[in-house]
Each structure stands twice: as C-alpha cells, then as structure tokens.
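I have placed the structure first, in the form of structure tokens, so that the comments after it can refer back to it.
Below, read A as the first sequence line, B as the second, and so on, with proteins coming before strands; counting in each chain starts at 1.
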There are 2 protein chains.
Amino acid sequence: MTLTDVAASAGVSPQTVSRVLRTPELVSVDTLERVQSAIGALGYVPNLAASNLASNRSMTVAAIVPSISASVFADALHGLEVMLSPSGYQLFIGTTGYSPEHEEELVRAFLGRRPDGMFIVGAQHTDAASTLLRASGIPVVEAWDSSENPVDSLIGFSNEDAVRALVEYVRDRGYAHPTFAGSFQSGDFRAAARRASFEASVAELYPGESVRVVDSGVAAVDLETGRDLLDATLREHPETDALMFASDVFAAGAVLECARRGVSVPGELAVTGFGDFELSSHLTPTLTTVAVPNREIGTKAGELLLARMSRGGADAPEGETVDLGFEVVARESA
Amino acid sequence: MTLTDVAASAGVSPQTVSRVLRTPELVSVDTLERVQSAIGALGYVPNLAASNLASNRSMTVAAIVPSISASVFADALHGLEVMLSPSGYQLFIGTTGYSPEHEEELVRAFLGRRPDGMFIVGAQHTDAASTLLRASGIPVVEAWDSSENPVDSLIGFSNEDAVRALVEYVRDRGYAHPTFAGSFQSGDFRAAARRASFEASVAELYPGESVRVVDSGVAAVDLETGRDLLDATLREHPETDALMFASDVFAAGAVLECARRGVSVPGELAVTGFGDFELSSHLTPTLTTVAVPNREIGTKAGELLLARMSRGGADAPEGETVDLGFEVVARESA
DNA sequence: TTGTAAGCGTTATCAG
DNA sequence: CTGATAACGCTTACAA
C-alpha cells in the first residue's frame with residue numbers, strides 16, 4: 001500500500017496525495033475529501049522511512065539513558081516525551097547499563113536513524129562517541145551532569161555542590177562522624193562525582209576526621225543494597241553517627257531496616273539520601289535528602305531540542321548550559 | 001557522507017561497501033580492510049532509513065505502554081530491550097497515558113516507521129487500532145491481559161484469577177469485611193478487570209456481604225493516593241477488616257500511614273496489594289500481595305518477536321498465547 | 001490548484 | 001569475489 005496506490009485509487013497524482021498529508025490547506029476541498037476517503041478505504045499508512053530519506057527529517061529524537069527502570073531516568077524520559085510528542089516527534093530509547101562502550105555503540109546505531117535531536121545522560125563519553133555526536137550536526141542535550149566542555153547543550157545540576165551542601169547541613173546539625181555509602185560502578189560518573197565531593201567536603205569541613213566511604217560495588221540500586229550498606233557501615237565504621245547515601249533508594253532501605261531492628265533514627269544514627277524520591281517523604285522518620293529536578297531535566301531538554309529543531313540550521317540558537325539547581329530537603333531523619 | 005563517498009575513497013563500488021557492512025564474510029580480506037579504514041577515516045555512519053527502504057526491514061521494534069514511569073512497564077521494557085538489542089533491534093517507545101485514542105494515534109504513527117515487530121500493553125484497543133495492527137502483517141505481542149481474540153500473540157496472566165485468588169486467601173484467613181480500593185480511570189482495562197473480579201468474587205465467596213469499592217478516580221498511582229484511599233475507606237466503610245488494593249503502591253502508602261498513625265496491621269486492619277514491588281517485602285509489616293511476572297513479560301515478548309522476525313513470513317510460527325501465571329505471596333500484612 | 005521529473009542512500013538481483 | 005542497474009516510497013523543485 002503506497003502513495004501511488006492511493007493516488008491511482010483517487011484519480012490524482014502521487015504528489016497530490018503527499019500534499020493532502022503534509023499541506024492539506026493547499027489542496028481543493030473536493031480533492032481533499034476524495035483522497036482522504038481513498039486513504040481510509042485502503043488503510044494506507046505512510047512510510048516514514050521513505051519520507052525521512054526524501055525530506056532529510058526523521059521527526060525522531062534519540063534518548064540514551066543508563067537504565068529505563070531507574071525512576072530518575074524514567075521521569076526525565078516521561079518529561080521529554082510529553083514535551084516532544086505534541087510536535088509529532090517520536091522517541092527512540094536505548095540503555096547503556098552504565099557502560100561507556102555500550103553507549104558508544106548506541107550512539108553509532110542511533111545516529112544511523114538520522115534523529116533530528118539527541119538526549120543523552122552524562123557529559124563523559126568515549127572520544128569516539130563525542131566525536132560522532134559533534135560531527136552529527138544535530139542538537140544534542142547532555143543531562144544530569146556538569147562539564148566545562150559540553151558537546152552542545154547541557155542540562156543538569158552540580159552533583160558536587162549538592163553533596164557538599166548536604167555535608168554542610170550534616171555538620172551544622174552537629175553530627176561528628178559522617179560516612180558515605182553507595183554503589184560506585186565504573187561507568188556511573190554521577191555517583192563517582194558525589195563520592196569525590198563527599199571526600200573533598202569532609203576533608204575541608206571536618207579537619208582531622210577520617211574519610212569513610214562504604215562501597216557496594218556493582219550491586220543493584222535497590223532497598224536490599226541499602227540494607228546491606230547499613231550492615232557494612234555498622235560493622236566497619238561503628239563510630240558513624242550520620243550515614244549519607246548516594247541515593248534515596250539506599251537510604252530508604254536503611255531507614256526501613258532500622259525501624260525493623262529498633263535502631264532509632266536520627267537518635268542513634270542520622271540518615272540522608274539523594275534524589276528526593278516519593279517514598280522518602282512517606283517513611284518514618286521522613287528522609288532528609290536533596291531534591292533534584294528529574295522531570296524538569298526532561299521537559300527542559302525537550303524545549304531546547306524543539307527550539308533547535310524547528311528553525312533552519314543557520315539561525316538556530318547556540319547550545320546552552322542550564323543549571324537547574326537542587327535543594328536540600330530537611331526532614332526528620334537527620 | 002554516504003556509501004558512495006566511502007566507495008570512491010576506497011576505490012571500490014558502493015555495493016562492495018554495502019557488503020562490507022552486511023556480509024563481510026563474502027569480501028576478500030584486503031578489500032575488507034581497505035573499505036573499513038575508509039569508513040573509519042571518513043567517520044561514515046550508514047543511513048538506516050535508506051537501508052530500511054531498500055531492504056524492507058527496519059531492525060526496529062515498537063513498544064506502546066501506558067506510562068514509562070510506572071515501574072511495572074519499565075521492568076517489562078527493560079526485559080524486552082535486553083532480549084532484543086543483542087540481535088541488533090532497536091526499541092521505539094511511546095506512551096498512551098491510558099487513553100485508547102492516543103493509543104490509536106501511536107499505533108498509526110509507529111506503523112509508519114515499519115517496525116519489524118510490535119509490543120503493546122493490553123488486549124483492548126479501538127477498532128481502528130486493531131485493524132491497523134492486523135493489517136500490518138508484522139508480529140504483534142499484546143501483554144498484561146487475557147483475551148479470547150488476540151491480534152496475534154498474547155503474553156500475560158489473568159488479572160481476574162489473581163484477584164480471585166487473593167479474595168479466597170483473605171476469606172480463608174477469616175476476614176469478614178473486605179473492601180477493594182484503587183484508581184479506575186477509564187482507559188485502564190487491567191484495573192477495571194481487577195475491580196470486576198473483586199466484585200464477582202465477593203458476591204460468590206461472601207454471600208450476603210455487601211460489595212465495597214473505593215475509587216480514587218484519575219488520581220496518580222502513588223503512595224499519597226494510597227494514603228487517601230485508606231482515609232476514604234476508614235471514613236466510608238469503617239466495618240472493613242481487610243483492605244485490598246489494586247496496586248502495591250497504594251497498599252504501601254496505606255501501610256506506611258498506618259505505622260505513622262499507630263493503626264496496627266493486620267490486627268486492626270489487614271492490607272493486601274497487587275504486583276509484589278520491591279518495597280513490599282521491606283515494609284513493616286511486610287505486604288501480602290500477588291506477584292506478577294513483569295520482567296518476564298518483556299523477555300518472553302522479546303523471545304516470541306525474535307522467533308517471528310528472524311524467519312521468512314512463510315514458515316513463521318503462529319501467534320501464541322502464553323499465560324505466565326501469578327503467585328499469591330503471603331506475608332505479614334494479611 | 002495540480003502534475004512531472006529527479007533524486008534521497010541504500011540493497012536485491014543478476015552478470016561478470 | 002566484485003560490479004552495474006534497478007528499485008524501495010516519498011519529497012523537493014519546478015512547470016503547467
């Protein structure tokens with residue numbers, strides 16, 4: 001079923017059918033109706049691959065995230081989709097599993113689809129991936145990271161500053177022995193940045209205090225791992241009075257486990273998270289954490305991409321760097 | 001940068017470059033090397049739209065889900081992607097927001113990309129959508145539902161049977177006044193099926209008992225709504241001794257709120273959920289619920305699609321209906 | 001307002 | 001093992 005079939009059936013030229021689809025206002029009312037009913041009768045669905053090839057626009061945006069099932073990325077993707085779909089853009093999604101090599105493969109594969117724009121988590125890529133991205137000439141939004149040398153646009157917040165602010169908060173509340181806990185697998189540069197910031201902040205704000213980090217390695221980001229991290233901390237660093245997690249998920253797992261064991265929070269042990277997930281405000285005690293703008297990252301990325309994709313290449317605005325900030329959320333757990 | 005440019009640079013025909021990409025084993029070693037280095041030097045990325053048009057294969061699978069950020073669907077999508085990507089298939093994802101009309105639009109738009117397969121949540125669609133799906137001729141997997149008239153393949157479990165099993169469980173534990181609570185927005189046919197099954201099961205298993213359902217309407221599926229549903233139940237149906245939620249999310253919200261208020265679970269009020277989310281086993285008390293195979297739905301769908309997509313149309317296996325079952329998970333809350 | 005011609009970048013097919 | 005040629009289904013550019 002092709003344009004040509006529809007044209008034959010409606011007694012017009014293929015071009016007229018194409019006009020009915022793209023620019024109906026340029027077609028006379030009765031041909032319009034005739035063609036539309038032919039389309040309906042034949043069940044014609046335009047082949048977008050052909051359209052793409054001929055017009056050099058795919059009406060497609062590629063999104064590359066570490067994982068779909070991590071709610072932070074799911075939220076951003078949702079924001080992105082809500083922003084793009086009214087304008088007719090469709091979303092290609094791929095996951096890297098935090099592997100830079102896999103990311104590079106994905107970039108290559110996705111670029112082959114000739115997307116009109118690209119959304120990618122993180123600002124650190126393999127050299128080849130960065131080169132490909134730059135060479136592609138399409139608007140690219142990197143997210144969730146800060147960088148002094150973005151490919152194009154960059155939307156995020158400073159993981160470093162956020163952790164630093166949390167360490168300050170903990171110090172101001174009088175806790176003397178903070179410990180940081182999380183899973184720091186090699187490709188997760190955001191987690192690594194948080195950890196590095198914790199180490200630097202403690203060195204500066206807690207002079208003389210030793211720097212304690214508990215690392216679960218490649219363990220999944222789930223409640224179970226939070227419980228394990230709590231165990232490890234209690235075992236390895238019993239002097240800890242404030243346990244700071246790299247994610248709310250871990251913190252929630254720890255808080256739930258403390259409740260079960262009768263460990264009082266924050267009395268015996270203060271706990272902080274990172275991310276302000278929905279669960280965090282429903283725990284007992286509620287969780288002190290830092291809120292980051294997941295959903296807004298997606299919507300803002302959508303806005304930026306839309307602006308760049310709609311104009312011609314020439315007058316397109318420059319790549320922007322947008323810092324959406326973060327907010328320390330003081331609650332009961334610390 | 002096109003195939004032809006690479007061919008010119010390597011001193012071979014375009015067709016040979018194509019062979020290097022698709023069937024390198026048919027090319028002599030030294031041309032292979034020459035072409036590959038030309039590809040690298042020029043930074044050539046094949047245009048898949050052109051490939052799609054010429055070969056009539058897109059190496060693409062379209063997935064249509066109500067929402068990405070609902071973890072059940074995110075899990076399934078993850079399973080699907082993990083299954084498909086080793087074979088080189090890429091995933092197109094669209095969300096319907098539980099609107100059948102939006103679903104139909106998406107089906108139409110996605111079919112325009114000529115995917116090699118399609119994954120769609122639910123087995124109830126608009127007539128037009130069903131017709132389009134059937135006419136497309138590609139393998140289609142409907143999921144999460146049961147139906148006597150699937151478009152093609154169907155993977156899921158019976159929401160009806162699962163709720164029925166849970167009602168039986170509750171009755172067997174001696175609870176006398178069960179109430180069902182959830183959000184039943186119009187396009188969510190799975191939620192509607194659960195509700196209907198609750199009503200039928202109570203009518204049968206609790207003769208003489210009135211059928212109580214609390215409906216939050218279009219409220220978001222989140223912990224907050226769970227708390228609201230708990231409130232409404234306590235207010236409207238104080239005789240309730242077992243509160244059965246349409247989702248673990250609601251149940252978790254209610255259990256957390258009960259802890260905060262000092263309502264004893266299951267002493268004063270038993271609670272059940274639906275879905276067996278990770279959180280459910282970490283609550284105090286742990287949540288009695290029914291486990292459904294989210295991730296497996298995705299992987300099984302991937303398997304089925306792969307099998308159908310690899311063979312030629314002729315000897316492709318028939319559409320299958322796979323019932324992955326469910327399991328009542330008895331824990332502390334009921 | 002409509003039609004004609006050419007071409008988008010790749011692969012299928014058949015020859016060599 | 002390699003190359004020439006003709007599609008694939010659509011849009012752009014121009015002509016009528």
For atom [atom1] of [X] and atom [atom2] of [N], their distance in whole Å:
{"X": "A/Asn47", "N": "C/dC8", "atom1": "CG", "atom2": "P", "value": "18 Å"}
{"X": "A/Arg57", "N": "D/dC10", "atom1": "CZ", "atom2": "C1'", "value": "15 Å"}
{"X": "B/Arg34", "N": "D/dT2", "atom1": "CZ", "atom2": "C1'", "value": "11 Å"}
{"X": "B/Met1", "N": "C/dG9", "atom1": "CE", "atom2": "C1'", "value": "13 Å"}
{"X": "B/Arg114", "N": "D/dC10", "atom1": "CZ", "atom2": "C1'", "value": "11 Å"}
{"X": "B/Arg113", "N": "D/dC8", "atom1": "CZ", "atom2": "P", "value": "21 Å"}
{"X": "B/Asn56", "N": "C/dT13", "atom1": "CG", "atom2": "P", "value": "12 Å"}
{"X": "B/Leu3", "N": "D/dG3", "atom1": "CG", "atom2": "P", "value": "13 Å"}

Does either side chain, that of A/Ser99 or that of A/Thr96, offer a donor lying less than 3.5 Å from an acceptor on the other one?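 The answer is no; no qualifying pair exists.
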
Return the set of residues passing side-chain contact (heavy atoms from CB on, under 4.5 Å) with B/Ser67 (not counting sequence neighbours), or none when no residue passes.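 So B/Ser67 forms a side-chain contact (heavy atoms from CB on, under 4.5 Å) with B/Ser69, B/Ala70.
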
Check: protein-nucleotides 12-16 of chain D nitrogen or oxygen pairs below 3.5 Å:
from: D/dT12; atom 1: O4; to: A/Gln15; atom 2: NE2; distance (Å): 2.5

Within 6.0 Å of CG in B/Asn56, more than 12 heavy atoms from elsewhere: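 Result for CG/B/Asn56: open.
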
B/Thr2 vs A/Pro14, nearer the 5' end of DNA chain C by closest nucleotide: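 The residue whose closest nucleotide sits nearer the 5' end is A/Pro14.
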
Is the backbone N or O of A/Arg114 less than 3.5 Å from a side-chain atom of A/Ser58, with the two atoms forming a donor-acceptor pair by type?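 Yes, because the side chain of A/Ser58 sits within donor-acceptor range (under 3.5 Å) of the backbone of A/Arg114.
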
B/Asp116 side-chain N/O to B/Met59 backbone N/O, donor-acceptor pair under 3.5 Å: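 Such a contact is found between B/Asp116 side chain and B/Met59 backbone.
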
Of B/Thr16 and B/Leu53, the one whose closest DNA chain D nucleotide lies more 5':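 Comparing both residues, the 5'-ward one is B/Thr16.
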
Quick check on DNA chain D: between A/Ser51 and B/Leu26, whose nearest nucleotide comes earlier from the 5' end?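 Its nucleotide being nearer the 5' end, the pick is B/Leu26.
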
Of the listed nucleotides (D/dT2, D/dG9, C/dG3), which one gets closest to any side-chain atom of B/Thr31?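 Output: D/dT2.
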
Qualifying side-chain hydrogen bond (donor to acceptor under 3.5 Å, both in side chains) pairs, either residue in residues 19-30 of chain B, two or more places apart: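 Qualifying pairs: B/Ser28-B/Asp30, B/Ser28-B/Thr31.
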
Test: A/Glu303 and A/Lys300 ion pair at under 4.0 Å: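 Here A/Glu303 pairs with A/Lys300 in a salt bridge, since their nearest N and O are under 4.0 Å apart.
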
